[in-house]
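First the structure, in the form of structure tokens, and then the observations on it.
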Amino acid sequence: MDIVKGIRFISLICFLHSLSTTGGHVHYDYVGDFVHYLLKSVMSSPKINPLYPQSERIVEKSTHDFIVVGAGPTGSVIANRLTEIPNWSVLLLESGEEAHIISDVPFLCGAMEFTDYNWGYKSEPQQGFCRGCTGGRMELPSGNVLGGSSIINYMIYVRGNRVDYDRWAAKGNPGWSFDEVFPYFLKFEDAHISRSDEEYHHKGGFLTVSDVPYRTKAAKAYVKAAQEAGHAYTDYNGAQQLGVSYVQGTLRDGGRCSSEKAFLRPIRNRRNVKIQTGSRVEKILIDPQTKRAYGVKYSRRGRIHYAFARKEVIVTAGPLNSPQLLMLSGIGPQEHLQDLDIPVIQNLPVGITMYDHATYPGIVFRLNDSISFNDLATSLSNPSFYLEYMGGKGPITSLGGVEVMTYIRTNVSMDPEPSYPDMELFMIGGSINTDFGVIYRKIFNIPSEIYDKIWRPLEGQYVYSVLPMLVHPKSKGYIKLKSKNPYDAPKFFANYLSDPDNIDVKTFIAAIREVQKINANPAMQKYGSTLVDTPLPGCENEMFNTDRYWECCLRTLIGSLYHQVATCKMGPKSDPEAVVDPRLKVYGIKGLRVAGISVIPHPVTAHTVGPAYMIGEKAADIIKEDWKHEIRIMN
Ligand SMILES: Cc1cc2nc3c(=O)[nH]c(=O)nc-3n(C[C@H](O)[C@H](O)[C@H](O)COP(=O)(O)OP(=O)(O)OC[C@H]3O[C@@H](n4cnc5c(N)ncnc54)[C@H](O)[C@@H]3O)c2cc1C
Ligand SMILES: *[C@@H]1O[C@H](CO)[C@@H](O)[C@H](O)[C@H]1NC(C)=O
Ligand SMILES: *[C@@H]1O[C@H](CO)[C@@H](O)[C@H](O)[C@H]1NC(C)=O
Ligand SMILES: *[C@@H]1O[C@H](CO)[C@@H](O)[C@H](O)[C@H]1NC(C)=O
């Protein structure tokens, strides 16, 4: 760390320390703006010793075997695996820059959203949800940095359920059943988990997955209470997903293990890979006659460049930008492109489907003892916590407070598969008040009227919360371009809670009942744990804790967990929503594939970074297989 960064970092810590004493007095909007400003400037300062100096050496109109667009988890794996073949050259273009080392600190993960590492998208205001959110909009953060969203995510590692993959294959996508994708999950994993079903984990892969070294007493009590309520103590990435488990994280020695750290850093000096940051692809070059993709047009530091691909262009630009880039390049719904004056090369249903995982942040329990995170500022300003963190331990290794996962099947579920969860409940050893409304409040776009009523009175108190995540939403949204200008953010219509039978709302409510049931057990009651019953502003007219009350809450405050899938959906030719085939090839275009969570056909019972790595591994193998005639000649 150089001196300037060091000083900034220390001032940030001092500032956070002062928060712990003044938090109750200084208005959080000012405090928040200042913290965000400090973080932003620290994180965007230029690198004195960049890990990827090659980025600055641009070769005009260079030609490569493969061009990979976007260095998130999927793109990082693909660049790594393809350059195992010494004769293949890969250009990996990433719009964002190298991350600052502060992004390694797990406890700060929520704050990454307020740096330049986030594309900064928001959803369009819609009637059925987020009625109480600031501007009626949800934040839709997405990583714009080398490592993609794995630099700004919460590091929760979940593989997903066998049923997710078996149904993916059964929809006409050979090769994607659980038994076929499971070896890829094992391949990248280096697991260090105490409660683990051994045959479901692997040691020695690139990506470290481990327990969080620090657990609050509240988390331990909660795991016990969940067992008292009848949930088995399991390894959710093991034989059975239903049950309660401590969270498993993409953590290495107590710090973030991003896709940059896991897959790019070890290969950055390979002669056949060029990893180039700050390079934003504006368009895929496609010959309109032959319909073959032959390169990309990108901008770097305000200048336009071109690069060419002998074999393929692979789009791994994330779930929100991959569909945008395809549409800007003339691949998308014909009418929509024509309306925007974009010449149509291939009419495909890009962006017409977008499923996402929603969560409700307002289920908070008050505790009568010091067993959870008291406040973020105290945690961050205690010097002994830093010493512990240097040794890979202590509260700062917490995944932003996320500690325990419970997978349940509510009685609303009509799924024929008895072991298939319909809800995830994740327990946090704190709540929105833990950082005095500076970070988490903004993540959920909670306006002061709501914060001041519900959370401000809880500041400095011991609380915990449980956030239900709807794993298989019936409601689906879509993405449209705003214009043909690549620098205009697309429009995201999330359409949450809009399914005609209201199953999504009913499932949420059933989960909220289960959360209360778990809390009522002796292990939690030992700490006098009680549901905070201040009525949510906007829902005062409903009787507290009735189904109608909770439906009102869900429609007033809801947030995305950033797992948008199916925006470039995989499917057989007969699927009217399909953009890519089961080998990730874009229908109708040669030399072009899309990979990443954007291809997943339906919501999975997971947080999506695990599946993103798996798709990268599988994509690399598919590509090697498709070019095996050439690999054979080379050997
Ligand atoms: C705030 C947040 C928290 C999350 N928490 C978790 C979690 O705890 N656990 C979990 O499993 N998942 C989590 N996720 C989701 C998970 O991180 C993503 O699903 C995963 O990173 C997707 O991988 P990807 O490779 O498909 O795309 P991304 O990670 O989005 O990477 C795409 C990359 O492409 C680059 N790019 C985009 N457009 C262009 C362009 N035109 N030119 C050049 N480069 C471009 C982007 O800058 C980015 O680096 C979270 C996501 C967010 C945003
Ligand atoms: C589900 O359980 C709740 C009680 O926990 C009950 O009120 C409700 O009627 C049940 N719903 C169904 C569909 O069985
Ligand atoms: C918390 O509440 C429980 C249950 O009422 C009680 O047994 C316990 O002594 C209380 N603890 C403290 C520290 O007040
Ligand atoms: C592979 O690379 C080697 C050395 O760079 C070269 O001699 C050989 O011809 C290449 N083979 C093919 C098939 O491109």
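All values derive from a computational prediction rather than experimental measurement. Order of listing sets the numbers, starting from 1, for every ligand and every atom in it.
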Cation-pi, Tyr246 ring and Arg215 (6.0 angstrom, 45 degrees): yes
Of the listed options Ala612, Gly75, Ser95, closest to atom 45 (C) of ligand 1 (non-hydrogen atoms): Ser95
Protein residue, atom and distance nearest to atom 42 (N) of ligand 1, heavy-atom basis: Val281 N, 2.9 Å
Matching residue for Tyr52 among Arg268, Arg265, Glu260, Glu98 - test: side-chain hydrogen bond (donor to acceptor under 3.5 Å, both in side chains): Glu260
Side-chain heavy-atom pair Pro361, Ile432 within 4.5 angstrom cut-off: yes
Under-4.0 Å salt bridge between Asp104 and Lys261: yes
Interfacing atoms of ligand 1 (cut-off 4.0 Å, heavy-atom, Pro141): 1 (C), 53 (C)
Side chain, backbone, both or neither: the part of Glu282 lying under 4.0 Å from ligand 1 by heavy atom: neither
Proximity winner for atom 11 (O) of ligand 1, if only heavy atoms of Ile600, Val609, Ile615 are counted: Val609
Atoms of ligand 1 close to Gly318 [distance to a heavy atom under 4.0 angstrom, numbered from 1]: 27 (O), 28 (P), 30 (O), 32 (C)
Gln525 side-chain N/O to Ser529 backbone N/O, donor-acceptor pair under 3.5 Å: yes
Whether Phe373 and Tyr214 hold their rings parallel, tilted or perpendicular, with breakpoints at 30° and 60°: tilted
Geometric class of the Phe188/Tyr157 ring pair [parallel <30°, tilted 30-60°, perpendicular >60°]: perpendicular
Atoms in ligand 1 with a heavy atom of Arg280 nearer than 4.0 Å: 42 (N)
4.0 Å protein heavy-atom contact status of atom 11 (N) of ligand 3, strictly under: yes
Structural part of Ser279 in contact with ligand 1, heavy atom criterion under 4.0 angstrom: backbone
Residue, atom name and distance, where the atom is the protein heavy atom closest to atom 37 (C) of ligand 1: Ala317 O, 3.2 Å
Numbered atoms of ligand 1 (with element) below 4.0 Å of Gly148, judged on heavy atoms: 29 (O), 31 (O), 48 (C), 49 (O)
Among Ser142, Pro73, Gly70, closest by any non-hydrogen atom to atom 20 (C) of ligand 1: Pro73
Leu561 N/O under 3.5 Å from ligand 1 N/O: no
His305 side chain to Tyr298 backbone, donor-acceptor under 3.5 Å: no
Geometric N/O contact Gly143 with ligand 1, under 3.5 angstrom: yes
Side-chain donor/acceptor of Asn118 to backbone N/O of Ser142, under 3.5 Å: yes
Protein heavy-atom partner closest to atom 17 (O) of ligand 1 - residue, atom, separation in Å: Asn153 ND2, 3.1 Å
His607 and His563 aromatic ring geometry - parallel, tilted or perpendicular at 30°/60° bounds: perpendicular
Residue-ligand contact Trp119/ligand 1, heavy atom below 4.0 Å: yes
Options Ile597, Ile156, Thr277, Asn321, ranked by nearest heavy atom to atom 9 (N) of ligand 1, top entry: Ile156
Contact atoms of ligand 3, heavy-atom distance to Gln525 under 4.0 Å: 3 (C), 4 (C)
Criterion side-chain contact (heavy atoms from CB on, under 4.5 Å) against Val599, the qualifying member of Leu584, Asn173, Val565: Leu584
N/O separation below 3.5 Å, Asn368 to ligand 3: yes
Numbered atoms and elements of ligand 3 in range of Lys526, under 4.0 angstrom, heavy atoms: 1 (C), 2 (O), 3 (C), 8 (C)
Tyr222 ring center within less than 6.0 Å of Phe365 ring center: no
Any donor-acceptor pair under 3.5 Å from Trp176 side chain to Pro582 backbone: yes
Plane angle bin for His602 and Trp168 - parallel if under 30°, tilted between 30 and 60°, otherwise perpendicular: perpendicular
Heavy-atom protein contact below 4.0 Å for atom 5 (O) of ligand 3: no
Test of proximity, Tyr157 against ligand 1: N or O pairs below 3.5 Å: no
For ligand 1, the portion of Val145 having any non-hydrogen atom under 4.0 Å away: backbone
Numbering as shown, the atoms of ligand 1 that approach Thr316 to under 4.0 Å (heavy-atom distance): 32 (C), 33 (C), 34 (O)
Whether Glu113 lies under 4.0 Å from ligand 1, heavy atom: no
Phe263-Tyr613 aromatic ring centre distance below 6.0 Å: yes
